[in-house]
2 protein chains.
Amino acid sequence: MSEPTKRQKQFLDFIEEFTEANGYSPSIRDIGEGLKLSSTASVKKMLDRLSEGGFIRRASSSARGIELTRKRSIPVIGRIKAGMPVMSEENLEGYISVKDLVRSDSFFLRVEGDSMKNKGIMDGDFALLRPSPVIDNGKIGAFRLNGEVTLKTFRRNREGMFLVPENEDYPVIPVHEGDEFEVIGILDMVLRFFKGQYDIKYS
Amino acid sequence: MSEPTKRQKQFLDFIEEFTEANGYSPSIRDIGEGLKLSSTASVKKMLDRLSEGGFIRRASSSARGIELTRKRSIPVIGRIKAGMPVMSEENLEGYISVKDLVRSDSFFLRVEGDSMKNKGIMDGDFALLRPSPVIDNGKIGAFRLNGEVTLKTFRRNREGMFLVPENEDYPVIPVHEGDEFEVIGILDMVLRFFKGQYDIKYS
DNA sequence: GAATAAGGCAAACAAATGTTCGCTTTATTC
DNA sequence: GAATAAAGCGAACATTTGTTTGCCTTATTC
């Protein structure tokens, strides 16, 4: 997929912004207005080019059926090759699409304490949990044990079940028979913000 | 905003799935097909109700102009209160909306090595970088120094500029005059996946 | 400077999509 | 069981939106 021309980029930007702002893609006339083109034919011509170039996908003849190929996905740069511009194709390892991050039933648990720090899970991190009543041996998850909620590695063997911290300063917690014990969810992802800019939105 | 009826929920779900899958919202006839309704009037009636209920917003008379009010956002659970169901309102700290995670110009850099492990940044993590030619003192960023790209804490004082690892096993790297030096971006977020399920999509 | 490609215009047209009207069916409520 | 609301049908209609055709202007390339 080659690079779009300057004008094509303007089109893509407009389409993305419009979609972002309205929740649905612009019609050909919307685009024409936005980019100050009086003829729908001009817009269509550009859209055809963008289609050929693979920058958009269209449900042909279908109203407002523009789908951006460069989705809200974030490029992943792997090993950066010497001399190459950082964002060049050579360095591109893949994409993480926003869709990958969201499952309708997942939720974040705010991490408290550093009992998992050897796994790089720090105080204040956001742990994305997928609700599940069971968990595999060795997986990290959130558990409720006698009223306390905790994020730990789950281990089970002949001797029983254990919630294992990933930090030498903390003891392994055995799950006794008769304890109130429940798997809340399995850890899918950990996320940490480094700036004030990404504040949590309350609603 | 009261709760939608069961049928209304089905509509909302369909609209959300369709939009997710296609990148644009369904037409009235698309919905009719999807929910096995033969009359467009039936669909429109429901949409009108959903509008009144505030569950969707519509660009009236405009094709495929359905915008879902309930956007995709992930709930954040803070301290879990004893006895409470995990997902109860009492435990809800806020939401992280998908939009917050994505800025059109940001990109991920795959982390190599453990030189930043005291900040919980581990080998294989995804570091979300916001491109910037400059960076504040004390902030973490990605830098290119004499052809090498590295993620470090940036420090500058009377003695010069330094790239500081967050791990005692690694030396501080001074930036000498005449070095080829460039700020690639500022670290906004770190993300780590714990399962095979969230693989990177290559395209 | 001719050739070519990108970008643009206007107008007529076709297809997709939303709207309205009157009538039926199926719960749910009192 | 009557009354009411929710959900649905079909058909005609109005509007929005996408498509096509022919021609123009302006860079860019060779």
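All values derive from a computational prediction rather than experimental measurement. Residue numbers begin at 1 in each chain, while the letters A, B, ... track the order of the sequences. These numbers come from the heavy atoms of this one structure, side chains and all, not from hydrogens, waters or symmetry mates.
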- Query: Got a sec, which residues hit side chain to side chain contact (heavy atoms under 4.5 Å, CB included) with A/Asp30, two or more places apart in sequence or on another chain?
  - Reply: A/Phe18, A/Pro26, A/Ser27, A/Arg64
- Query: OP1 or OP2 of D/dT16 less than 4.0 angstrom from a side-chain nitrogen or oxygen of A/Arg29, does that happen here?
  - Reply: no
- Item | Short side-chain N/O contact from B/Ser62 to OP1 or OP2 of C/dG18, under 4.0 Å | no
- Task: Starting from C1' on C/dA5, measure out to CG on A/Asp48 and report it in whole angstrom.
- Result: 16 Å
- Message: Side chains of B/Val111 and B/Met116, heavy atoms from C-beta outward: is any pair under 4.5 Å?
- Response: no
- Evaluate whether atom NZ of B/Lys117 has more than 12 neighbouring non-hydrogen atoms of other residues, nucleotides or ligands under 6.0 angstrom away. no
- Task: Not counting sequence neighbours, which residues clear side-chain hydrogen bond (donor to acceptor under 3.5 Å, both in side chains) with B/Asp123? List them please.
- Result: none
- Query: Hey, is the side chain of B/Arg58 poking within less than 4.0 Å of OP1 or OP2 on C/dT19, counting only N and O atoms?
  - Reply: yes
- To the nearest Å, give me how far apart CG (A/Leu50) and P (C/dA6) are. 12 Å
- Query: With a 4.5 Å limit on heavy-atom distance, are the side chains of A/Phe162 and A/Asn157 in contact?
  - Reply: yes
- Message: Which residues pass the side chain to side chain contact (heavy atoms under 4.5 Å, CB included) test with A/Met161, not counting sequence neighbours?
- Response: A/Phe154, A/Arg156, A/Val175, A/Phe181
- Task: For A/Ile28 and C/dA15, give me the distance from atom CD1 to atom P, rounded to whole Å.
- Result: 16 Å
- Task: Take atom CD1 of A/Ile31 and atom P of C/dG7, then tell me their distance rounded to the nearest Å.
- Result: 15 Å
- Should we count CD of A/Glu180 as having more than 12 external heavy atoms under 6.0 Å? yes
- Under 4.0 Å between a side-chain N or O of B/Lys44 and OP1 or OP2 of C/dG18? no
- Can you tell me how far CG of B/Leu109 sits from CZ of B/Phe107, rounded to the nearest 0.5 angstrom? 6.5 Å
- Length of the CD-P vector between A/Glu52 and C/dG7, whole Å: 12 Å
- Message: Just the rounded figure in Å: distance from C1' of D/dG18 to CD of A/Glu67.
- Response: 18 Å
- Query: A/Lys9 has an atom NZ; how far is it from atom P of C/dA6, in whole Å?
  - Reply: 18 Å
Shorter than 3.5 Å, N or O on both sides, protein versus nucleotides 7-10 of chain D: list them out with atom names.
from, atom 1, to, atom 2, distance (Å)
D/dG8, OP1, B/Arg7, NE, 2.9
D/dG8, OP1, B/Arg7, NH2, 2.7
D/dG8, N7, B/Lys45, NZ, 3.1
D/dG8, O6, B/Lys45, NZ, 2.8
D/dC9, OP1, B/Ser38, N, 3.4
D/dC9, OP1, B/Ser38, OG, 3.4
D/dC9, OP2, B/Ser38, N, 3.0
D/dC9, OP2, B/Ser39, N, 3.4
D/dC9, O5', B/Ser38, OG, 3.3
D/dG10, OP2, B/Ser38, OG, 2.3
D/dG10, N7, B/Ser39, OG, 2.7

- When Watson-Crick pairs (N1 to N3 and N6-O4 or O6-N4) and G-U wobble pairs (N1-O2 and O6-N3) count only below 3.5 Å on both distances, what is the dot-bracket string of DNA chain D, with | for other-strand pairs? ||||||||||||||||||||||||||||||
Please tabulate, one pair per line, all N/O donor-acceptor pairs under 3.5 Å involving side-chain atoms of residues 32-45 of chain A, not counting sequence neighbours.
from, atom 1, to, atom 2, distance (Å)
A/Ser39, OG, A/Ala41, N, 3.1
A/Lys44, NZ, A/Asp48, OD1, 3.3
A/Lys44, NZ, A/Asp48, OD2, 3.2

- Item | Euclidean distance, atom CZ of residue A/Phe18 to atom C1' of D/dT17 [Å, nearest integer] | 13 Å
